Structures are given as C-alpha cells and as structure tokens.
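This report concerns only the one structure given below.
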Amino acid sequence: MEWLNGHQGRIRRLCMSCCSREMLQKRLPFLSWLSRYSLQWLQLDVIAGLTVGLTVVPQALAYAEVAGLPVQYGLYSSFVGCFVYCLLGTSKDVTLGPTAIMSLLVSVYTSGDTSLAILLAFLSGCIQLAMGLLNFGFLLDFISYPVIKAFTSAASVTIGFSQVKNLLGLKNIPREFILQVYETFRQLPNTRLGDAILGLTCIAILMMLKWMKEHSPRMHRGMSCWYRFCYLIVWVITTARNAVVVIAAGLVAYSFQAMGSQPFILTGKTAEGLPKFNIPPFSESTANGTVTFREMVQNIGPGLFIVPCMGLLESVAIARAFASQNNYRINTNQELLAIGLTNVLGSFLSSYPVTGSFGRTALNSQTGVCSPAGGLLTGVLVLLSLAYLTPLFFYIPKAALAAVIICAVAPMFDLGICKTLWNVKKIDLLPFLITFLLSFWEIQYGILAGILISVVILCYPIARPKMTVSQSNGLTLHFMSGLNFPAMEFLRDSVYEKALAVSPPRSVTLDFSHVITLDYTVVVGLRDLLHEFKSQGLSLTFCGLQPQLLQMLLAADSKAFHCLQGLGKTGDLYQEEGSTEPLLHNVTRASP
C-alpha cells in the first residue's frame, strides 16, 4: 500500500500516456500497422500499388467523361485519396478516387461546370468531416440494402447508356436519360463506322481478358520457370486490361493520324502538368456577371446532401464488405473522416467528389495488399501520368474510354436480386422497384422515396405490434414486442373492439411478458383505459410486468396505478408487507 501511495503520480502519468497513445492510434490508424510493417508486406504492397495504378489512370479519364468534365479532372481526383487514406483509413483494401456513381451524380448536379464540381467536393468533404467528428456514421445504417442495389442498378443503366453516344460517335445527345434514349435511337443512322467498330472491338477484348483472368489456373510450386513467366505476362495483361486496351486504341488512332486520316473522335488536347493549388471557387465569373456563393449552392441544390451521403455510403459499404471477407474490423466514423478530408483537400487541387471504388478495391485485395501503404505507389503513378503523359491523351479515342466505362458498370446491374427479395421478404421489393424506376427520372427522388418507404416498412411493426388473443381463462391479449407511442391507438382500438364493444362488455388481461419497453404516451393510454374499464364496472389486469416497466408506471404518479404499490421486485402481488407468499403470481388487477 505504501508503495502504491508513493507511485500514484507515476501510475497516473502512465495511464494518461496509454490513453493518449490509444486516442492517437484511433485518429491516425497508420501508427498501429506501421510498427508491424515488414519487407514481405512491402513487396506485396508494391505489386498491388502498381496494379491498381495501371487501372486507375484509364478509368479516371473515362469517369471524367461521365462527369461531363475535361479528362484531366479525373486524374486530379485520383491521387489525393491515395495519400490521405494511407494515414487515416482503417481498411487495408479500400482505394479512394473517382467512381462511376459519383461521376454520374456530379454530372447531374453540376451539369459539367468545373467550378461547381470543385465546390461540391469541398462542401461534401465538410459535411462528411462533420458527420465523422460527431459520430453520425450510424445514420448510414438507415439506408436499406434493396435501396442501395436499386440505385446502383439504375446508375449502371444510366451510365452505360450515356456512353453509347461516344461508342457510336454520335453528337448533340442531351443529358436527361429519357431524352438521351430517344435521341440516341433517332440518330442511329448517323453512327460513325470507325468509332462503332473500335468501341465494340474494345468491349469484346475487355470481356475476353476478364474471362481469361477469372478462368486462368493458379500458379503452384511445380510449375516450370517458362510456365511461370508466361503466367506472369498473362496476369499483367488481364489485370491491367483497361490500360492495355486504351493504349492499344491510342496507338491505332495515332497510326491513322500519321497517315493523314482520322476515323475516330479523339479526346483532344488535355491540360498539361500537375494541378495548381487554389482555394475552391466560392464565386464564379461568367459572361453574364458574377455568380455568388449562395447562387452556386442553389445551383447544386439537393446534390449538396445526396452526393456526400452516397459517397459515404458507397465507401463504408465497400470497406465493411472487404473487412468481413478478410477478417478485420473498420471504424466507420474514422472512414468518414478519411473520405471527408480527402474531398476537402482534393478541392484545393481541382478534384471533384470521390469515394471508395469497388472494382479497384477488389483488385487491390486480390493482389494481396497488406496495408494502405499500397495506395502511395498508386498516387505516385497518377502524378507521373499528369506530369509527363498528358500530351499523349490527345490520341485516345472516346470510343475506347466508353468501352472501359460500359465494362466497368455492367456488373453493377443486378435485377436477379428481385427473385431473392421475393423469396426472403416480398415487401422489400417495394422500395427496390420504386428506387429503381424513379432514379431514371431524378436520382434524388429515387433515393429519397426508397429511404422513406424503407423507414415506413421499418416502423409499421412498431405501430402495429404483433398481438395474440386467448380466451381460456377469460379474455387475454398477449403483446409480442415493445409498446411505443405509435402503437397506442392500435392498442386502444383492439381492447375496445374485443372487450368494450361486445355485448356484454368483458374484463381483460393484458399480458406484458414479452414487452420490455414502454414510453410515456403508452403509460397515459393505459391510465385512460383503466379509468374507462373502472367506469363500466370492469377490471383491467396487467400480467407479466417486468420490474423496469413497473417502475415506469409508478413514476407516472397517477392514482390509476396506486394498485401497483403492493408489487414486489418480481412483479407479484403480495398478501401483506414482508410476506413471501404471492397472492396472485405476476398479476396486477385494477378493480372497480
């Protein structure tokens, strides 16, 4: 004891030091894995970083096209997340950057205005940071899986069809989906043969390479060196198939350009070099004058809430999926901080909103990445592309980028889930179908309608709790769940219909054996029911009251519940104070 008293200060400082270290590791997750980093991890992280880097560059160019922005903005949006997530992310697999869905949302809410896109990234990041700091990650749990699948399926159709114009070389196609479909079919006779042949060929090659990757045999120790070398070449080509196809298409276009003809629509001149560090545009100068910050926010409209929420949802869902697959845990609120800071910092480097990419994350995981450090090499590859390769982007055919996008979003389309929903719970088809159909009209309406219907489905059992009726020893109503304020009218109507509206009126027992929650509205309703039964000379009996429910009723300080004062700790009514013999087991009666 004397030793303990003499070292209290030291022990206190040690405890405070441990708490500070845990808090620091929680906010800077890289500190927890950096101490365990090894040479083997480094080798695998380098392979994964290179592999993802070869994928992200062509995809970034293509997704910028989806967002309606110059292609360099796709690369501007691809490297900040690689460095930020390495420090703040809690998943070893997730890669942040432009995705098909976020690019579609940016296109919808900014209409290709680069200033609005950059401002949207800044505001989205601020909202995401605030949600992470306030531990609001749980709000994402209220968006049901059918709503997510419906939105992603509708987005895959919208994104894929938006690239048909580039695949066929059509021009002057509107952005609105319905008008887009109409104009695309109307202009089919204007299809450019060169773009169509190149685009369809690229799709066929991408599908073939994907099939080869999925069906190629795995390498094992008994293989010869020559076989291993061939396997490595095939693995690199099939893994980096997007880059291979884009480079090959660019070489074909350059060859035609050198011969003095060009059958393809090219990407054209791209801004060279790294993006400049600038404050996000809080106002915009146009030919008609200056657009103020308030007007810019009004132009973004509901996208100010839809974009950050969908970005968080997509990234967290991906992180959870791969954490479950690879047996580790993530911190949802820390993920919000990582993606929020990525968008805030990215907006200073001309980035539009980004989130986690499922395809690149899957590739990262499959190549055996061991830590978020693999993203560092991916970010370096993007920066090198911006610094030295942008002049070569001029020769990339738009049809080839369209093929990359169509093959990337095709797996997102999943109507087969309808059969599963029908077999599991048919009512879940309702939010799925409404979200899917409305998303073709306005994305925000589809998402909001799906969330609203899901919440109604969630709340319906609360408003209409399951109840069974037995009449073996009088009329007894058994409630099978908690009772909350939306259920009070249902409870009152059920009791009135079965006991007071019949002739002659009957006494009732309410069985609370399965009820573990009440609220004040229900307590007031029970008090009124007691008065009503008493006025008609009938009794209303409470059976199976849990101790905490008994305390709630007594705390209401109502004369109607004075009969409960004789209850013991188990909810039994005793003959007299101090007796251990229950008069009537677990039953409280309100007599007239």
Side-chain angles (χ1 to χ4, degrees), residues 50-66 71-72 74-75 78 95 97-100 103 156 159-169 191-216 230 232-258 262-268 270 357-360 362-364 366-367 378 381-382 384-385 389-412:
L50 285 171
T51 305
V52 175
L54 292 174
T55 301
V56 72
V57 172
Q59 279 193 345
L61 301 175
Y63 290 149
E65 184 73 25
V66 174
V71 292
Q72 67 268 20
L75 293 176
S78 300
T95 62
T99 65
S103 299
S156 69
I159 295 168
F161 200 87
S162 71
Q163 295 306 304
V164 172
K165 64 180 185 295
N166 291 329
L167 197 73
L168 303 180
T191 299
R192 292 170 56 98
L193 186 60
D195 286 301
I197 293 175
L198 178 66
L200 294 175
T201 301
C202 288
I203 289 177
I205 294 174
L206 286 168
M207 293 176 64
M208 180 189 69
L209 292 176
K210 181 181 179 183
W211 184 89
M212 288 176 61
K213 181 174 177 60
E214 293 173 348
H215 293 84
S216 59
C230 294
L232 181 62
I233 292 176
V234 172
W235 181 83
V236 171
I237 293 175
T238 55
T239 300
R241 56 186 177 273
N242 291 333
V244 170
V245 166
V246 169
I247 292 172
L251 290 174
V252 171
Y254 178 78
S255 300
F256 277 102
Q257 188 86 358
Q262 190 53 263
F264 314 122
I265 297 177
L266 303 182
T267 298
T270 303
S357 165
F358 185 85
R360 296 193 295 274
L363 180 61
N364 206 26
Q366 290 166 8
T367 48
T378 301
L381 282 178
V382 175
L384 290 174
S385 299
L389 300 181
T390 45
L392 302 179
F393 297 158
F394 179 92
Y395 298 101
I396 298 177
K398 287 191 173 183
L401 295 179
V404 169
I405 295 171
I406 291 172
C407 290
V409 300
M412 292 164 49

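Predicted model, so just to flag it, every value in this text is computed and none were measured.
Environment of CE in Met208: crowded, with over 12 heavy atoms of neighbouring residues, nucleotides or ligands closer than 6.0 Å. With a 6.0 Å radius and a threshold of 12 heavy atoms from other residues, nucleotides or ligands, Tyr254 has its OH atom at or below the threshold.
Residues satisfying the side chain to side chain donor-acceptor pair (under 3.5 Å) test with Asn242, not counting sequence neighbours, are none. Considering only residues two or more places apart in sequence or on other chains, Lys213 meets the side chain to side chain donor-acceptor pair (under 3.5 Å) condition with Thr239. When the side chain to side chain donor-acceptor pair (under 3.5 Å) test is applied to Trp235, no partner is found at least two apart in sequence or on another chain. Annotation: side-chain contact (heavy atoms from CB on, under 4.5 Å) contacts of Thr201 (sequence neighbours excluded): Ile197, Ile205. Contacts of Ser357 classified as side chain to side chain donor-acceptor pair (under 3.5 Å), with partners at least two apart in sequence or in another chain: none.
The minimum heavy-atom distance linking Leu167 with Gly199 is given by the pair CD1-CA, 3.5 Å. Between Pro397 and Phe264, the shortest heavy-atom distance links the atoms CB-CB, 4.2 Å. Taking every heavy atom of both residues into account, Ser78 and Val382 meet most closely at CB-CG1, 4.0 Å. A pairwise comparison of heavy atoms in Leu168 and Ala196 identifies CD2-CB, 4.0 Å as the closest pair.
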Result block: side-chain N/O donor-acceptor pairs under 3.5 angstrom for residues 58-66, not counting sequence neighbours:
from, atom 1, to, atom 2, distance (Å)
Gln59, OE1, Arg360, NH1, 2.8
Glu65, OE2, Asn166, ND2, 3.4

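Remark: Leu75 CG to Phe393 CZ distance equals 5.0 Å, nearest 0.5 Å. The distance from the CD1 atom of Ile233 to the OG1 atom of Thr238 is 11.5 Å, given to the nearest 0.5 Å. With values rounded to the nearest 0.5 angstrom, Lys398 atom NZ is found 10.5 Å from Ile405 atom CD1. Of the inter-residue distances, the one linking Cys202 atom SG with Met207 atom CE reads 13.5 Å to the nearest 0.5 angstrom. Taking CG of Leu198 as the reference point, atom CZ of Arg192 lies at 11.0 Å (rounded to 0.5 Å). Ile396 CD1 to Thr267 OG1: the interatomic distance, rounded to the nearest 0.5 Å, is 5.0 Å.
The shortest distance between side-chain heavy atoms of Ile406 and Ile203 falls below 4.5 Å. Annotation: side chain of Val246 is in contact with side chain of Leu401 (closest heavy-atom distance under 4.5 Å). Looking only at side-chain heavy atoms (C-beta outward), Val234 and Cys230 stay at 4.5 Å or farther from each other.
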Apply side chain to side chain contact (heavy atoms under 4.5 Å, CB included) to residues Leu266 and Gln257 and explain how you reach the verdict. CA-CA 10 Å; Leu266 303 182; Gln257 188 86 358; 4.2 Å; yes

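Under the 3.5 Å distance criterion, the side-chain polar atoms of Gln163 are left unmatched by any main-chain donor or acceptor of Ala403.
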